[in-house]
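Here the structure comes first, spelled out in C-alpha coordinates, and everything after it is commentary.
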Amino acid sequence: MIPDGLNPVSFQTAQAERLATTIETWPWKSFRSSGMGHPCDRYITWSFTRWKEAAPHGFVLESIFQLGRALQPIAEQRLVDMGFRFHREPYKAEQYRIGKATISAKPDVLITGYQGAHYNPPIVGDIKGVQAWAWGHYHDIHDFWAADNWIVRGYATQVNLQMLLMDLPVGVLFLFSKGHGLIKPVPFELDYAAAEAVLQRVERLQGEVEAQRDPPPIEYDDGICGRCGFLALCYPPRDMGAGAVVVQDEQLIEDLGRRAILKETASEYSALQKSVNARLKQFGDFEMLLAGEWVVVRKEVTVKGYSVPPRIDTRFEIRSLQPKQQIASEDG
(Lines give C-alpha, C1' and ligand atoms only; values in the text may rest on other atoms or scores of the structure.)
Protein backbone atom coordinates (compact mmCIF):
# COMPACT_ATOMS: atom_id res chain seq x y z
CA MET A 1 0.00 0.00 0.00
CA ILE A 2 1.28 3.45 -0.88
CA PRO A 3 1.76 5.46 2.33
CA ASP A 4 -0.37 8.56 2.82
CA GLY A 5 2.69 10.81 2.79
CA LEU A 6 3.22 9.96 -0.90
CA ASN A 7 -0.39 10.46 -1.91
CA PRO A 8 -0.19 13.32 -4.47
CA VAL A 9 -3.08 15.27 -2.94
CA SER A 10 -1.94 15.02 0.69
CA PHE A 11 1.67 15.62 -0.39
CA GLN A 12 0.78 18.89 -2.14
CA THR A 13 -1.28 19.98 0.86
CA ALA A 14 1.59 19.29 3.23
CA GLN A 15 4.05 21.09 0.92
CA ALA A 16 1.84 24.17 0.69
CA GLU A 17 1.36 24.22 4.48
CA ARG A 18 5.10 23.95 5.06
CA LEU A 19 5.92 26.74 2.61
CA ALA A 20 3.24 28.93 4.16
CA THR A 21 5.02 28.75 7.53
CA THR A 22 8.13 30.39 6.01
CA ILE A 23 6.37 33.40 4.47
CA GLU A 24 7.44 36.66 6.09
CA THR A 25 6.51 40.26 5.42
CA TRP A 26 8.66 43.19 6.53
CA PRO A 27 8.35 46.96 6.16
CA TRP A 28 10.73 48.94 4.04
CA LYS A 29 13.14 50.87 6.28
CA SER A 30 14.92 52.38 3.27
CA PHE A 31 14.38 52.54 -0.47
CA ARG A 32 15.58 49.20 -1.81
CA SER A 33 17.60 49.22 -5.01
CA SER A 34 15.98 45.87 -5.83
CA GLY A 35 12.52 47.43 -5.60
CA MET A 36 12.97 50.75 -7.36
CA GLY A 37 12.05 49.26 -10.72
CA HIS A 38 8.47 48.80 -9.52
CA PRO A 39 6.25 51.00 -11.71
CA CYS A 40 3.79 52.03 -8.95
CA ASP A 41 4.61 54.92 -6.58
CA ARG A 42 1.74 53.86 -4.34
CA TYR A 43 3.20 50.36 -3.88
CA ILE A 44 6.60 51.72 -2.88
CA THR A 45 5.15 54.30 -0.48
CA TRP A 46 2.78 51.80 1.14
CA SER A 47 5.68 49.39 1.59
CA PHE A 48 6.86 51.93 4.17
CA THR A 49 3.59 53.20 5.60
CA ARG A 50 0.92 50.50 5.22
CA TRP A 51 2.87 47.27 4.89
CA LYS A 52 0.83 45.53 7.61
CA GLU A 53 -2.28 45.86 5.44
CA ALA A 54 -0.77 43.98 2.49
CA ALA A 55 -1.84 40.41 1.82
CA PRO A 56 1.21 38.12 2.11
CA HIS A 57 2.44 36.43 -1.04
CA GLY A 58 1.32 32.84 -1.61
CA PHE A 59 3.16 29.56 -1.17
CA VAL A 60 3.97 29.27 -4.91
CA LEU A 61 5.86 32.56 -4.92
CA GLU A 62 7.54 31.59 -1.65
CA SER A 63 8.77 28.43 -3.38
CA ILE A 64 10.15 30.54 -6.25
CA PHE A 65 11.98 32.78 -3.77
CA GLN A 66 13.49 29.78 -2.00
CA LEU A 67 14.64 28.32 -5.31
CA GLY A 68 16.35 31.61 -6.19
CA ARG A 69 18.19 31.68 -2.87
CA ALA A 70 19.31 28.07 -3.37
CA LEU A 71 20.58 28.74 -6.90
CA GLN A 72 22.72 31.76 -6.02
CA PRO A 73 25.57 29.91 -4.21
CA ILE A 74 25.63 27.33 -7.01
CA ALA A 75 26.09 30.11 -9.57
CA GLU A 76 28.73 31.85 -7.46
CA GLN A 77 30.75 28.63 -7.12
CA ARG A 78 30.53 28.02 -10.87
CA LEU A 79 31.96 31.50 -11.50
CA VAL A 80 34.76 30.95 -8.99
CA ASP A 81 35.62 27.62 -10.64
CA MET A 82 35.87 29.45 -13.98
CA GLY A 83 38.45 31.84 -12.52
CA PHE A 84 36.42 34.83 -11.31
CA ARG A 85 37.51 36.44 -8.06
CA PHE A 86 35.10 38.18 -5.73
CA HIS A 87 35.38 40.50 -2.78
CA ARG A 88 35.65 37.72 -0.21
CA GLU A 89 34.33 39.48 2.88
CA PRO A 90 30.60 38.93 3.45
CA TYR A 91 29.06 41.81 1.55
CA LYS A 92 26.48 43.64 3.61
CA ALA A 93 23.87 46.07 2.40
CA GLU A 94 25.22 49.60 2.29
CA GLN A 95 23.07 52.63 3.15
CA TYR A 96 23.30 55.72 0.94
CA ARG A 97 21.79 59.08 1.86
CA ILE A 98 20.04 60.97 -0.93
CA GLY A 99 18.68 64.18 0.57
CA LYS A 100 16.46 63.01 3.43
CA ALA A 101 16.03 59.56 1.91
CA THR A 102 18.11 56.42 2.40
CA ILE A 103 18.72 53.83 -0.30
CA SER A 104 20.02 50.35 0.52
CA ALA A 105 22.10 48.47 -2.03
CA LYS A 106 23.58 44.98 -1.81
CA PRO A 107 25.05 43.46 -4.98
CA ASP A 108 25.21 39.67 -5.10
CA VAL A 109 28.91 39.81 -5.95
CA LEU A 110 31.64 42.40 -6.35
CA ILE A 111 34.01 41.09 -9.02
CA THR A 112 37.68 41.92 -8.47
CA GLY A 113 39.33 39.83 -11.20
CA TYR A 114 39.27 36.97 -13.70
CA GLN A 115 41.96 34.36 -14.45
CA GLY A 116 44.87 36.50 -13.33
CA ALA A 117 43.46 39.83 -14.54
CA HIS A 118 42.71 42.38 -11.82
CA TYR A 119 39.61 44.55 -12.09
CA ASN A 120 40.23 48.00 -10.66
CA PRO A 121 37.66 49.38 -10.07
CA PRO A 122 35.67 46.21 -9.32
CA ILE A 123 32.48 45.28 -11.19
CA VAL A 124 28.99 45.10 -9.68
CA GLY A 125 27.40 41.71 -10.34
CA ASP A 126 23.90 40.35 -9.75
CA ILE A 127 22.68 36.79 -10.32
CA LYS A 128 19.18 36.24 -11.67
CA GLY A 129 17.55 32.82 -12.01
CA VAL A 130 15.48 32.87 -15.23
CA GLN A 131 13.47 30.49 -17.37
CA ALA A 132 15.36 28.84 -20.25
CA TRP A 133 13.46 30.88 -22.86
CA ALA A 134 14.42 34.13 -21.11
CA TRP A 135 18.07 33.02 -20.96
CA GLY A 136 18.03 32.77 -24.75
CA HIS A 137 15.94 35.91 -25.28
CA TYR A 138 17.87 38.60 -23.39
CA HIS A 139 21.26 39.30 -24.95
CA ASP A 140 22.27 42.83 -23.92
CA ILE A 141 21.15 45.55 -21.54
CA HIS A 142 18.94 47.15 -24.19
CA ASP A 143 16.80 43.99 -24.16
CA PHE A 144 16.24 44.53 -20.44
CA TRP A 145 15.37 48.22 -20.70
CA ALA A 146 12.89 47.43 -23.51
CA ALA A 147 11.29 44.35 -21.87
CA ASP A 148 7.50 44.23 -21.59
CA ASN A 149 7.77 42.68 -18.14
CA TRP A 150 8.42 45.35 -15.48
CA ILE A 151 10.29 42.78 -13.35
CA VAL A 152 12.86 42.29 -16.12
CA ARG A 153 13.25 46.05 -16.57
CA GLY A 154 13.74 46.21 -12.80
CA TYR A 155 16.82 43.99 -13.05
CA ALA A 156 18.56 46.69 -15.09
CA THR A 157 17.28 49.44 -12.79
CA GLN A 158 18.61 47.62 -9.71
CA VAL A 159 22.17 47.04 -10.91
CA ASN A 160 22.42 50.41 -12.69
CA LEU A 161 21.40 52.22 -9.48
CA GLN A 162 23.90 50.20 -7.44
CA MET A 163 26.65 51.20 -9.88
CA LEU A 164 25.85 54.90 -9.43
CA LEU A 165 25.66 54.66 -5.62
CA MET A 166 28.95 52.74 -5.43
CA ASP A 167 30.61 54.98 -8.05
CA LEU A 168 31.49 51.99 -10.25
CA PRO A 169 31.27 52.29 -14.06
CA VAL A 170 30.56 48.68 -15.08
CA GLY A 171 28.04 46.08 -13.98
CA VAL A 172 26.91 42.66 -15.10
CA LEU A 173 23.74 40.61 -14.87
CA PHE A 174 24.49 36.90 -14.64
CA LEU A 175 21.51 34.98 -16.04
CA PHE A 176 21.32 31.49 -14.53
CA SER A 177 18.96 29.26 -16.52
CA LYS A 178 16.58 27.22 -14.38
CA GLY A 179 16.17 24.90 -17.36
CA HIS A 180 19.67 23.82 -18.43
CA GLY A 181 21.71 25.41 -15.63
CA LEU A 182 24.03 27.48 -17.82
CA ILE A 183 25.08 31.03 -16.94
CA LYS A 184 25.20 33.94 -19.37
CA PRO A 185 26.76 37.34 -18.57
CA VAL A 186 25.12 40.58 -19.71
CA PRO A 187 27.72 43.31 -19.01
CA PHE A 188 26.93 47.00 -19.40
CA GLU A 189 28.17 50.47 -18.57
CA LEU A 190 26.48 52.86 -16.18
CA ASP A 191 23.51 54.75 -17.59
CA TYR A 192 23.71 58.02 -15.63
CA ALA A 193 20.41 59.42 -16.88
CA ALA A 194 18.44 56.33 -15.89
CA ALA A 195 20.07 56.20 -12.45
CA GLU A 196 19.53 59.92 -11.81
CA ALA A 197 15.86 59.53 -12.70
CA VAL A 198 15.57 56.90 -9.96
CA LEU A 199 17.26 59.21 -7.44
CA GLN A 200 14.77 61.95 -8.29
CA ARG A 201 11.93 59.49 -7.78
CA VAL A 202 13.35 58.49 -4.40
CA GLU A 203 13.49 62.11 -3.23
CA ARG A 204 9.93 62.69 -4.38
CA LEU A 205 8.56 59.57 -2.69
CA GLN A 206 10.44 60.36 0.52
CA GLY A 207 8.12 63.34 0.85
CA GLU A 208 5.08 61.07 0.44
CA VAL A 209 6.38 58.71 3.12
CA GLU A 210 7.12 61.52 5.58
CA ALA A 211 3.69 63.10 5.04
CA GLN A 212 1.92 59.71 5.18
CA ARG A 213 0.28 60.58 1.87
CA ASP A 214 -1.10 58.02 -0.55
CA PRO A 215 0.19 58.59 -4.09
CA PRO A 216 -2.39 58.18 -6.84
CA PRO A 217 -2.78 54.66 -8.22
CA ILE A 218 -1.54 53.67 -11.63
CA GLU A 219 -4.03 52.64 -14.29
CA TYR A 220 -5.06 49.08 -13.55
CA ASP A 221 -2.66 46.57 -15.11
CA ASP A 222 -3.33 42.91 -14.39
CA GLY A 223 0.36 42.05 -14.64
CA ILE A 224 1.13 44.53 -11.85
CA CYS A 225 -2.03 45.14 -9.84
CA GLY A 226 -3.35 41.58 -10.09
CA ARG A 227 -0.22 40.33 -8.32
CA CYS A 228 0.02 43.02 -5.66
CA GLY A 229 -0.55 42.42 -1.97
CA PHE A 230 -2.22 45.84 -1.74
CA LEU A 231 -4.80 44.99 -4.40
CA ALA A 232 -7.81 44.80 -2.08
CA LEU A 233 -6.76 48.04 -0.40
CA CYS A 234 -5.97 49.95 -3.57
CA TYR A 235 -8.25 48.84 -6.38
CA PRO A 236 -10.66 50.25 -7.21
CA PRO A 237 -9.32 53.57 -5.88
CA ARG A 238 -11.19 55.10 -2.96
CA ASP A 239 -12.14 58.01 -5.19
CA MET A 240 -14.05 55.82 -7.62
CA GLY A 241 -16.07 58.57 -9.26
CA ALA A 242 -19.79 58.85 -9.79
CA GLY A 243 -19.88 55.71 -11.93
CA ALA A 244 -18.86 53.29 -9.15
CA VAL A 245 -21.45 51.60 -6.94
CA VAL A 246 -20.90 49.63 -3.72
CA VAL A 247 -23.70 47.14 -3.03
CA GLN A 248 -24.53 44.67 -0.26
CA ASP A 249 -26.59 42.28 -2.39
CA GLU A 250 -25.81 39.00 -0.57
CA GLN A 251 -27.36 36.87 -3.32
CA LEU A 252 -25.26 38.61 -5.97
CA ILE A 253 -22.08 38.20 -3.89
CA GLU A 254 -22.87 34.51 -3.35
CA ASP A 255 -23.57 34.05 -7.07
CA LEU A 256 -20.30 35.72 -8.02
CA GLY A 257 -18.35 33.42 -5.72
CA ARG A 258 -20.16 30.31 -6.93
CA ARG A 259 -19.68 31.46 -10.53
CA ALA A 260 -15.89 31.43 -10.01
CA ILE A 261 -16.01 27.88 -8.62
CA LEU A 262 -18.35 26.50 -11.29
CA LYS A 263 -16.82 28.21 -14.29
CA GLU A 264 -15.59 24.90 -15.71
CA THR A 265 -19.07 23.37 -15.51
CA ALA A 266 -20.43 24.84 -18.71
CA SER A 267 -24.15 24.22 -18.34
CA GLU A 268 -24.46 25.41 -14.73
CA TYR A 269 -22.02 28.24 -15.41
CA SER A 270 -24.12 29.45 -18.33
CA ALA A 271 -27.28 29.50 -16.24
CA LEU A 272 -25.51 31.20 -13.37
CA GLN A 273 -24.01 33.77 -15.73
CA LYS A 274 -27.50 34.66 -16.94
CA SER A 275 -28.62 35.08 -13.33
CA VAL A 276 -25.63 37.29 -12.53
CA ASN A 277 -26.17 39.41 -15.65
CA ALA A 278 -29.85 39.84 -14.83
CA ARG A 279 -29.08 41.00 -11.29
CA LEU A 280 -26.32 43.31 -12.48
CA LYS A 281 -28.60 45.01 -15.00
CA GLN A 282 -30.93 45.95 -12.12
CA PHE A 283 -28.32 48.45 -10.92
CA GLY A 284 -28.60 50.63 -14.00
CA ASP A 285 -25.88 52.38 -16.02
CA PHE A 286 -23.00 52.12 -13.58
CA GLU A 287 -19.36 52.16 -14.70
CA MET A 288 -18.02 50.05 -11.84
CA LEU A 289 -19.73 48.03 -9.12
CA LEU A 290 -18.30 46.53 -5.93
CA ALA A 291 -19.93 43.42 -4.43
CA GLY A 292 -17.95 41.92 -1.57
CA GLU A 293 -14.54 40.95 -2.95
CA TRP A 294 -15.74 41.28 -6.56
CA VAL A 295 -15.24 44.15 -9.00
CA VAL A 296 -17.61 44.42 -11.97
CA VAL A 297 -16.76 46.77 -14.85
CA ARG A 298 -19.63 47.55 -17.21
CA LYS A 299 -18.77 47.66 -20.92
CA GLU A 300 -20.80 48.44 -24.02
CA VAL A 301 -19.86 46.20 -26.95
CA THR A 302 -21.18 45.91 -30.49
CA VAL A 303 -22.76 42.52 -31.25
CA LYS A 304 -22.98 41.64 -34.92
CA GLY A 305 -25.69 39.35 -36.22
CA TYR A 306 -26.08 37.53 -39.51
CA SER A 307 -29.58 38.71 -40.33
CA VAL A 308 -30.19 41.61 -37.96
CA PRO A 309 -28.43 44.97 -37.63
CA PRO A 310 -25.65 45.26 -34.99
CA ARG A 311 -26.88 46.19 -31.53
CA ILE A 312 -25.32 47.56 -28.35
CA ASP A 313 -25.30 44.93 -25.62
CA THR A 314 -24.23 45.17 -21.96
CA ARG A 315 -21.50 42.83 -20.73
CA PHE A 316 -19.74 42.65 -17.39
CA GLU A 317 -16.05 41.97 -16.77
CA ILE A 318 -15.71 40.33 -13.34
CA ARG A 319 -12.50 39.79 -11.37
CA SER A 320 -11.63 39.11 -7.74
CA LEU A 321 -10.07 41.71 -5.44
CA GLN A 322 -7.94 38.95 -3.92
CA PRO A 323 -4.34 39.02 -5.25
CA LYS A 324 -3.20 36.20 -7.49
CA GLN A 325 -1.10 33.58 -5.73
CA GLN A 326 0.75 32.14 -8.71
CA ILE A 327 3.05 34.62 -10.38
CA ALA A 328 4.60 34.00 -13.79
CA SER A 329 7.85 35.75 -12.95
CA GLU A 330 11.28 34.99 -14.33
CA ASP A 331 12.90 36.16 -11.11
CA GLY A 332 14.29 33.41 -8.95
Side-chain angles (χ1 to χ4, degrees), residues 18-69 72 90-108 126 128 150-151 153-155 157-162 164-166 195 197-218 220-221 223-238 293 321-327 329 331-332:
R18 174 54 190 163
L19 287 166
T21 65
T22 64
I23 296 172
E24 296 181 320
T25 304
W26 301 97
W28 284 27
K29 299 293 186 181
S30 59
F31 290 91
R32 302 173 181 175
S33 60
S34 60
M36 289 313 299
H38 198 288
C40 179
D41 287 351
R42 175 173 280 195
Y43 169 83
I44 293 176
T45 302
W46 282 2
S47 294
F48 285 91
T49 62
R50 307 184 68 172
W51 65 277
K52 290 184 178 180
E53 300 174 72
H57 60 267
F59 69 89
V60 175
L61 186 54
E62 177 64 18
S63 180
I64 293 174
F65 289 158
Q66 291 187 15
L67 176 61
R69 291 192 290 268
Q72 182 172 328
Y91 201 84
K92 299 179 180 179
E94 297 287 344
Q95 305 291 319
Y96 299 87
R97 294 288 294 180
I98 305 297
K100 295 182 178 181
T102 301
I103 304 177
S104 60
K106 182 183 182 299
D108 287 339
D126 213 81
K128 299 297 185 185
W150 69 267
I151 297 175
R153 297 195 302 272
Y155 295 163
T157 299
Q158 174 185 352
V159 177
N160 193 61
L161 178 59
Q162 291 172 349
L164 180 68
L165 295 172
M166 300 175 71
V198 177
L199 296 186
Q200 293 173 12
R201 185 186 189 197
V202 166
E203 291 190 279
R204 174 170 54 80
L205 293 182
Q206 176 65 23
E208 304 293 273
V209 172
E210 291 177 353
Q212 299 284 303
R213 285 192 299 264
D214 296 343
I218 61 174
Y220 184 88
D221 183 321
I224 303 169
C225 308
R227 303 166 178 176
C228 178
F230 294 115
L231 176 62
L233 179 66
C234 175
Y235 187 83
R238 289 181 178 179
E293 70 172 277
L321 282 173
Q322 299 299 318
K324 297 178 180 178
Q325 295 301 313
Q326 295 191 14
I327 297 186
S329 165
D331 193 357

Flag the pair [X] / [Y] as yes when at least one side-chain heavy-atom distance between them is below 4.5 Å, and no otherwise.
X      : Y      : answer
Ile44  : Glu208 : no
Arg213 : Thr45  : no
Ile98  : Gln206 : no
Leu199 : Leu164 : yes
Tyr96  : Ser30  : no
Glu94  : Met166 : no
Tyr220 : Leu231 : yes
Gln95  : Ile103 : no

Heavy-atom neighbours of Arg18 CZ exceed 12 at 6.0 Å: no

Asp108/Lys128 ion pair, N-O < 4.0 Å: no

Does Glu62 come within less than 4.0 Å of Arg69, counting only side-chain N to carboxylate O? yes

Specify the closest pair of heavy atoms between [X] and [Y], including all atoms of both residues, with the distance to one decimal.
X      : Y      : answer
Tyr43  : Cys228 : CD1-SG, 3.8 Å
Lys106 : Asp126 : O-OD1, 4.5 Å
Leu165 : Ala105 : CD1-CB, 4.1 Å
Gln162 : Ser33  : NE2-OG, 3.2 Å
Pro56  : Ile23  : CB-CG2, 4.0 Å
Pro39  : Ile224 : CG-CD1, 3.4 Å

Give the C-alpha distance, both sets of side-chain angles, the deciding distance and a yes or no for side chain to side chain donor-acceptor pair (under 3.5 Å) between Thr102 and Arg97. CA-CA 5 Å; Thr102 301; Arg97 294 288 294 180; 2.8 Å; yes

Working to the nearest 0.5 angstrom, can you tell me the gap between [X] [atom1] and [Y] [atom2]?
X      : Y      : atom1 : atom2 : value
Arg227 : Asp221 : CZ    : CG    : 8.5 Å
Arg32  : Ser47  : CZ    : OG    : 7.0 Å
Thr49  : Trp28  : OG1   : CH2   : 11.5 Å
Glu24  : Phe65  : CD    : CZ    : 12.5 Å
Leu19  : Thr22  : CG    : OG1   : 5.5 Å

Test the Arg50-Trp46 pair against the cation-pi criterion, namely NZ or CZ under 6.0 angstrom from the six-membered ring centroid and within 45° of the ring axis. yes

May I have the step-by-step check of side-chain contact (heavy atoms from CB on, under 4.5 Å) for Asp214 and Arg42, ending in yes or no? CA-CA 6 Å; Asp214 296 343; Arg42 175 173 280 195; 4.3 Å; yes

Tell me, with the steps shown, if Lys52 and Thr25 meet side-chain contact (heavy atoms from CB on, under 4.5 Å). CA-CA 8 Å; Lys52 290 184 178 180; Thr25 304; over 6 Å; no

Going by the angle between their ring planes, with limits at 30° and 60°, are Phe31 and Phe48 parallel, tilted or perpendicular? tilted

